[in-house]
Every structure is written in C-alpha cells, then in structure tokens.
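Down below is the structure, laid out as structure tokens.
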2 protein chains.
Amino acid sequence: METTTPHHTRHDSREDLLKAARELIVGRSYTSVGIAEICARAGVRKGSLYHFFPGKEALTLAMLDALYADFEREVLIPGLAGANGLHARIEAFVHAIHAFETRMQAESGQLPGCPFGNLAVEMGTHNPTLRRAIRGHLDAVTAHFRSVLDEAVQDGELPGDTNTEALAEQWLALMEGILVMAKADQDPATVLRLGPALVTLLTHSPPEVPHER
Amino acid sequence: METTTPHHTRHDSREDLLKAARELIVGRSYTSVGIAEICARAGVRKGSLYHFFPGKEALTLAMLDALYADFEREVLIPGLAGANGLHARIEAFVHAIHAFETRMQAESGQLPGCPFGNLAVEMGTHNPTLRRAIRGHLDAVTAHFRSVLDEAVQDGELPGDTNTEALAEQWLALMEGILVMAKADQDPATVLRLGPALVTLLTHSPPEVPHER
DNA sequence: ACACTAGTTGACCGGTCGGTAAAGTGCAAG
DNA sequence: CTTGCACTTTACCGACCGGTCAACTAGTGT
C-alpha cells in the first residue's frame with residue numbers, strides 16, 4: 001500500500017503560487033505584479049505565500065528555475081536534436097520562439113518578449129540577486145547554442161576554426177534583440193521578419209579571433 | 001536693449017525636472033523612480049511638476065524627446081559623418097556606445113543599457129502611449145542606420161541589391177541585444193566583446209530577399 | 001495703484017506596496 | 001487523548017505611490 005502522500009496532497013499551494021507568479025510576471029513585469037495579485041490568482045492567502053517563500057524575490061527566483069527547466073525541455077532540447085543541419089535548426093528555433101510569443105499574446109493579450117531578458121533589463125540595475133540568477137540562466141542557454149554550433153563544425157557546416165563560444169553568445173544577443181524589437185512592436189511577425197539575421201550572423205562569422213594589435 | 005527674458009528666467013524648473021527625470025529613469029527604470037524622487041533631485045516641489053506636466057507619463061514622454069535629440073546630435077550624426085567606410089563607422093558607433101555605458105556606470109554605479117530599449121521592455125506590455133513613442137524613436141534610429149548602409153552601397157562597400165531597410169532594422173535589433181547582455185553582465189566590456197557581431201551581420205547579408213515559396 | 005497670471009508651496013488624498021504577527025485548523029505520530 | 005507540526009487565515013503595519021488642491025508669491029501690463 002504505502003500511499004506516499006506525505007501529508008495529504010491537497011491543493012499544493014506552493015505549485016499554485018509558482019504557476020500564478022509565472023503567468024503574471026512573464027505576462028507583465030516584476031514590479032507591476034504585486035504579491036496580492038499573485039495570491040489572488042493562486043487562490044491562496046498572503047500569509048501562506050510567506051510560509052513557503054521568504055518573500056517576493058525568492059518566489060521569483062524559484063519561478064525562474066522552473067521556467068528555465070521548461071524552456072530547456074520544450075524548446076532547447078527538441079531544437080537541438082529535432083532538425084538536421086544548422087540552417088534548419090536555426091529556423092526551427094525561430095519558429096518555436098515565434099509560436100511562444102504568438103500563444104502568449106493570444107492568452108494574455110500582450111506579447112511578452114523574452115522572460116529572462118525582460119527581468120534582466122528591469123531588475124539588472126537594482127537587484128543583484130535576481131540579476132545573477134538570470135545571468136546564470138542565460139549562460140545555460142548559450143551553452144545549448146554552442147553545442148549546436150559545435151555539431152555544425154563537426155559536420156563541416158561551419159569552418160573548423162570557428163569560435164563557437166563567442167558565436168553562441170552573439171546568437172543569444174541577437175535573439176534577445178529580436179525579442180526587444182518584437183515587444184516594442186507588440187507583433188510576433190517581427191520575430192519572423194528579423195529571424196533571417198540569425199542565419200546571416202551564424203553562417204558568416206569570421207574564421208578566427210582577429211587577434212588585433 | 002530688449003532683455004528678451006520672457007519672465008525672468010529664474011531656475012527654469014521645467015528644464016530641471018526633465019534633467020532629473022532623465023538621470024533617474026535612464027539610470028534605473030520608470031516604475032522604480034517616483035515623482036517625489038524626481039522632484040527632490042530637481043529641487044522643485046511636487047505641485048510645480050504638475051504645473052508643467054499633466055503627470056509622470058507626460059514628463060517621461062518629454063524627457064524621451066530630449067534624450068533622443070541629444071543622442072542624435074551627439075552619436076548618430078557624428079557617427080554617420082565622422083569616420084570613412086562602413087567598417088570604421090560600425091566600430092566608431094560601438095565605441096561611442098561603450099563610452100556612454102562606461103560613463104553612466106561611473107556616474108551612477110549602474111550600467112543602464114539602452115534607455116529606449118529598457119523602456120520598451122519595461123512598459124511595452126502595459127502602457128501603449130509610452131510604447132508607441134519609443135517605437136517612433138527606434139524608427140528614427142533605424143533611419144540613420146539605413147542612410148549609413150545606403151552610403152556604403154553607393155560606395156560599393158555593399159552589394160547594389162542590398163536590402164538596406166531590412167538590414168538597418170537587424171542592426172538595431174543586434175545593438176539592442178548587445179545592450180541587454182551588457183546590462184545582464186553589468187560590464188561595458190560586453191559591448192566590445194559582442195561588437196564584432198555587427199560587422200559580421202552588416203557585411204555578409206544575403207544579396208536579395210530570398211522570396212521563399 | 002491695480003488686476004492678472006505664471007509659478008510656487010505644503011498639506012493632503014485614497015490606494016497599494018511588500019511584509020508581519022498571531023490565532024486557528026487539521027492531520028499524524030507518540 | 002495529547003502533543004507537535006505543517007499549513008492556513010485574518011487583521012494589521014508603516015511606507016510609499018501618483019495625483020489634487022487651495023492658498024500664496026512675485027513679476028507684468030494697464
């Protein structure tokens with residue numbers, strides 16, 4: 001038998017809070033979402049939030065961990081193993097992002113852009129803890145990009161002396177910029193319109209670090 | 001004689017408010033800066049702010065206009081006419097941005113990133129007025145980029161069939177992304193490290209719209 | 001001398017912010 | 001049956017938010 005339900009697995013308020021925080025903060029922003037609103041959406045009283053989390057910042061940190069885990073599982077991993085060839089993988093990635101932004105706009109009425117980039121921009125200057133956590137997630141994304149580029153080098157699609165580490169970071173930067181533009185436009189089509197820039201960047205990078213001076 | 005002092009040109013509270021709002025909002029963010037703090041820095045009482053501006057949003061709109069005018073005069077115009085050749089102009093632009101971010105970090109202790117991009121990300125989802133104003137300024141920046149690219153086409157540095165309109169938008173997107181990364185790092189060196197991506201993007205764009213399908 | 005007006009001042013508003021404290025609830029192990 | 005503990009509930013806190021208001025000050029034109 002051993003019903004392993006540790007207590008009695010009622011509503012799992014902790015999960016509800018994380019879900020509500022994700023939907024609200026990703027859809028709008030950190031400061032514009034209050035804990036009262038998060039609690040209301042989660043169907044949980046404010047005091048309970050402070051039983052599970054020390055405060056709003058810690059809740060957001062935990063939410064970001066879960067968000068990255070889902071992003072890795074649903075986009076990064078499939079995009080890496082899914083298509084064949086660098087060009088096809090870039091296009092698949094762009095379309096996955098486009099689909100995400102389109103779905104979010106349909107659900108919440110707003111095109112959110114990149115959840116991690118948004119937080120980095122909003123809190124980067126005055127919350128070092130959040131900033132460093134986001135920086136870590138962005139590094140993890142870069143590592144996935146790099147492994148895609150390394151495979152392309154092995155398959156002869158990119159020159160053998162390609163600096164895949166630097167190029168992966170440029171990939172992420174361009175992707176973040178595309179999402180800033182799409183958010184300014186509030187139009188997912190911007191993702192598709194600017195997507196080809198990724199192909200240009202990733203298939204024409206200079207052979208080796210110029211080693212200036 | 002005709003001392004043209006319309007009233008008596010005392011402290012010009014309006015200018016002081018715009019200056020304070022610029023320093024604070026650019027250095028941090030829109031929501032994290034209150035009008036009380038803006039008034040305190042400007043040496044003006046709160047009621048006076050509402051004599052010159054309908055509210056915080058209108059003050060920010062006016063501040064953004066002045067900010068863009070300065071950016072155009074101090075960076076965009078010199079960068080366009082200053083150096084010779086596309087490559088040199090890109091590098092001059094990157095270094096101008098790097099200098100700005102370095103100076104801001106020295107003055108306020110924080111690396112702000114792109115003031116327009118920041119506002120677009122922070123307010124893009126829930127303040128259409130601000131979003132549209134920022135979108136207008138970004139379009140103006142894109143127009144300057146495009147004229148640089150058009151000159152490069154005329155000088156034979158880029159192929160004659162280059163889509164300079166699309167490429168200028170990609171330039172802006174990559175620049176915004178670079179500044180998001182620099183803000184996440186809180187390190188101006190990131191601007192220089194990612195700067196070469198602009199050269200890759202702008203000197204290897206595909207000849208013509210692929211015209212798929 | 002007077003009225004007009006641009007600009008200033010400080011007190012005040014309701015609402016919301018993140019966070020706290022204390023009492024209560026119900027299950028489970030002793 | 002009782003104790004302990006995970007969790008919930010409610011009331012409350014001071015601080016701050018953007019914004020309003022009426023009274024006041026001081027130059028200007030008549």
Side-chain angles (χ1 to χ4, degrees), chain A residues 1-22 24-25 27-64 119 122-123 126-130, chain B residues 1-22 24-25 27-64 119 122-123 126-130:
Chain A
M1 295 308 153
E2 57 176 1
T3 54
T4 333
T5 49
H7 242 293
H8 62 142
T9 326
R10 29 180 147 244
H11 292 95
D12 213 342
S13 302
R14 209 188 113 98
E15 291 300 312
D16 292 342
L17 283 166
L18 286 171
K19 181 160 166 278
R22 182 198 298 210
L24 289 169
I25 294 178
R28 283 214 300 279
S29 70
Y30 182 80
T31 35
S32 76
V33 174
I35 55 173
E37 192 178 359
I38 295 174
C39 291
R41 174 178 272 244
V44 163
R45 247 47 60 194
K46 206 191 302 193
S48 286
L49 189 155
Y50 286 92
H51 173 76
F52 292 104
F53 303 97
K56 188 188 183 186
E57 178 185 295
L59 169 64
T60 306
L61 253 14
M63 178 272 280
L64 287 175
L119 262 291
E122 188 188 355
M123 308 304 291
H126 53 279
N127 188 321
T129 307
L130 274 173
Chain B
M1 292 310 153
E2 57 175 1
T3 54
T4 333
T5 49
H7 244 292
H8 62 143
T9 326
R10 28 181 147 245
H11 293 93
D12 214 342
S13 301
R14 209 188 114 99
E15 290 300 312
D16 292 343
L17 283 166
L18 286 171
K19 181 161 165 276
R22 182 198 298 208
L24 288 169
I25 295 178
R28 284 215 297 281
S29 71
Y30 182 80
T31 35
S32 77
V33 174
I35 55 173
E37 192 178 0
I38 295 174
C39 291
R41 173 178 274 246
V44 161
R45 248 46 61 195
K46 207 191 300 192
S48 286
L49 189 156
Y50 285 92
H51 174 75
F52 293 104
F53 302 97
K56 188 188 183 186
E57 178 186 293
L59 169 63
T60 306
L61 252 14
M63 177 273 280
L64 288 174
L119 263 291
E122 187 187 357
M123 308 304 291
H126 54 280
N127 187 321
T129 308
L130 274 174

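We name chains A, B, ... by the order of the sequence lines, and we start the count at 1 in each one. Nothing here was measured: the structure is a model prediction, and the numbers come from that model.
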Quick one: [X] [atom1] to [N] [atom2], roughly how many Å, whole number?
| X | N | atom1 | atom2 | result |
| --- | --- | --- | --- | --- |
| B:R45 | C:dA6 | CZ | C1' | 17 Å |
| B:H51 | C:dA6 | NE2 | C1' | 5 Å |
| A:F52 | D:dA6 | CZ | P | 11 Å |
| B:I38 | D:dC16 | CD1 | C1' | 14 Å |
| B:F53 | C:dG7 | CZ | C1' | 14 Å |

Give the B/S/- string for nucleotides 13-23 of chain C, one per nucleotide from 5' to 3', where a protein heavy atom under 4.0 Å of the base yields B, of only the sugar-phosphate yields S, and otherwise -. -----BBB---
If every non-hydrogen atom of B:F52 is compared with every non-hydrogen atom of B:S13, which pair is closest and at what distance? CE1-CB, 3.9 Å
What closest approach, in Å, do B:L17 and B:I38 show between heavy atoms, and which atom pair accounts for it? O-CG2, 4.0 Å
Phosphate OP1/OP2 of C:dG7: any B:S13 side-chain N/O under 4.0 Å: no
Side chain A:E122, main chain A:S29, donor-acceptor under 3.5 Å: no
Residue pairs involving residues 35-48 of chain B (criterion side-chain hydrogen bond (donor to acceptor under 3.5 Å, both in side chains); sequence neighbours excluded): B:E23-B:R41, B:R28-B:E37
Could you go through the side-chain contact (heavy atoms from CB on, under 4.5 Å) check for A:L61 and A:F53 one step at a time? CA-CA 10 Å; A:L61 253 14; A:F53 303 97; over 6 Å; no
Among all residues two or more places apart in sequence or in another chain, which pass the side chain to side chain donor-acceptor pair (under 3.5 Å) test with A:N127? A:E57
